[in-house]
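Both ligands and their constituent atoms are indexed starting at 1 by order of listing.
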Amino acid sequence: MRKLFAVMILAGGMAFAADGAAIFKSKGCASCHQPNADTVGPSLKKIAKAYAGKEAELVKFLKGQAPAIVDPAKEAIMKAQLTMVKNLPEDQLKALAQYMLSFK
Ligand code: HEC
């Protein structure tokens, strides 16, 4: 019985681990950001290149605390989207940043 309980806690914990891909989809980011092609927003590949080795900077951008570096001319469109994510807990923002960085 004790063992079963431990397994249940473990499984539950995994379900709550931050999932960057799921956040990206559920917040509607995918409608403007494709993996390889620029559409309304730059591709994830382009974003990952610009932020290579700069995960902390990307998290800052997602919190609305850093300027755009990928396509500053269109920054206003993206800044409006940050209301969706900027108040997420740190671990979820990190997972989201890591997901985006995985496209380079
Ligand atoms: C309505 C279309 C649209 C949606 C939805 C959208 N974006 Fe963007 N995004 C843009 C545009 C346009 C740019 C280019 C301007 C810029 O670089 O900030 C951009 C740029 C970015 C950048 C690069 C920032 C930089 O430094 O230049 C990141 C990171 C990003 N988006 C993440 C996201 C995330 C995460 C979501 C979901 C919460 C999201 N986007 C939803 C249009 C969108």
Side-chain angles (χ1 to χ4, degrees):
M1 188 58 195
R2 219 190 179 135
K3 218 172 186 175
L4 184 68
F5 193 58
V7 168
M8 279 164 64
I9 291 175
L10 214 78
M14 275 161 71
F16 284 113
D19 180 344
I23 298 168
F24 191 81
K25 284 189 192 113
S26 71
K27 300 293 180 188
C29 315
S31 62
C32 289
H33 295 290
Q34 299 288 313
N36 294 305
D38 295 341
T39 53
V40 181
S43 67
L44 287 170
K45 198 173 181 176
K46 203 178 257 180
I47 293 172
K49 264 197 185 151
Y51 280 97
K54 296 191 215 166
E55 185 189 311
E57 289 302 306
L58 182 49
V59 169
K60 254 191 176 172
F61 176 82
L62 294 173
K63 286 179 178 170
Q65 295 170 354
I69 60 169
V70 178
D71 191 355
K74 291 187 189 164
E75 187 176 359
I77 303 173
M78 184 53 218
K79 286 272 163 156
Q81 310 304 320
L82 291 178
T83 50
M84 303 282 291
V85 289
K86 68 178 177 193
N87 294 321
L88 287 176
E90 191 77 17
D91 65 324
Q92 293 194 21
L93 286 175
K94 271 193 187 158
L96 183 56
Q98 280 162 9
Y99 171 70
M100 299 184 87
L101 290 174
S102 72
F103 282 85
K104 73 167 175 311

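- For atom 27 (O) of ligand 1, the closest heavy atom belonging to the protein is Val70 N, 2.7 Å.
- Here the CD1-SG distance, from Ile23 to Cys29, works out to 9.0 Å after rounding to the nearest 0.5 Å.
- Considering backbone and side-chain atoms together, Lys74 places no N or O closer than 3.5 Å to any N or O of ligand 1.
- Distances below 4.0 Å separate heavy atoms of Glu75 from the following atoms of ligand 1: 15 (C), 18 (O).
- The single protein non-hydrogen atom nearest to atom 29 (C) of ligand 1 is Leu58 CD1, 3.4 Å, given as residue, atom name and distance.
- Ligand-side atoms of ligand 1 in range of Gly28: 5 (C), range being under 4.0 angstrom from any heavy atom.
- Protein heavy atom nearest atom 26 (O) of ligand 1, with residue, atom name and distance: Tyr51 OH, 2.4 Å.
- Residue contacts with ligand 1 leave out Leu82, since none of its heavy atoms falls under 4.0 Å from the ligand.
- Using a 4.5 Å heavy-atom cutoff, the side chains of Lys46 and His33 are not in contact.
- The same ILVMFWY cluster, assembled from side-chain heavy atoms under 4.5 Å apart, contains both Leu93 and Leu82.
- Crowding of Lys60 atom NZ: a count of heavy atoms from other residues, nucleotides or ligands under 6.0 Å not exceeding 12.
- Taking atom 25 (C) of ligand 1 as the reference point, the nearest protein heavy-atom neighbour is Ile69 N, 3.3 Å.
- With values rounded to the nearest 0.5 angstrom, Lys25 atom NZ is found 5.0 Å from Tyr99 atom OH.
- Between the choices Asp71, Ile23, Val59, the shortest heavy-atom distance to atom 16 (C) of ligand 1 belongs to Asp71.
- Contact atoms of ligand 1 toward Leu62: 35 (C) (distance under 4.0 Å to a heavy atom of the residue).
- Every pair tested for salt bridge (Lys or Arg N to Asp or Glu O under 4.0 Å) that includes a residue from residues 92-104 fails, sequence neighbours excluded, so the list is empty.
- When only non-hydrogen protein atoms are considered, atom 18 (O) of ligand 1 lies nearest to Ala68 CB, 3.3 Å.
- Atom-to-atom distance recorded for Lys49:NZ and Ser43:OG is 8.5 Å, nearest 0.5 angstrom.
- Rounded to the nearest 0.5 Å, atoms CG (Asn87) and CG (Leu62) are 12.0 Å apart.
- With rounding to the nearest 0.5 Å, the separation of CD in Glu57 from CD in Gln65 is 10.5 Å.
- In the vicinity of Val40, heavy-atom distances shorter than 4.0 Å reach the ligand 1 atoms 2 (C), 12 (C).
- To the nearest 0.5 angstrom, Leu96 atom CG is 11.5 Å from Asp91 atom CG.
- Ile69 and Val40 fall into different hydrophobic clusters, where Ile, Leu, Val, Met, Phe, Trp and Tyr are joined by side-chain heavy atoms under 4.5 Å apart, directly or via other members.
- Using a 4.5 Å cut-off on side-chain heavy atoms (C-beta onward), Tyr51 and Leu101 make contact.
- Within a radius of less than 2.8 Å around atom 8 (Fe) of ligand 1, the protein N, O or S atoms are His33 NE2, Met78 SD.
- Of all atoms in ligand 1, listed by their number and element, those nearer than 4.0 Å to a heavy atom of Val85 are 38 (C).
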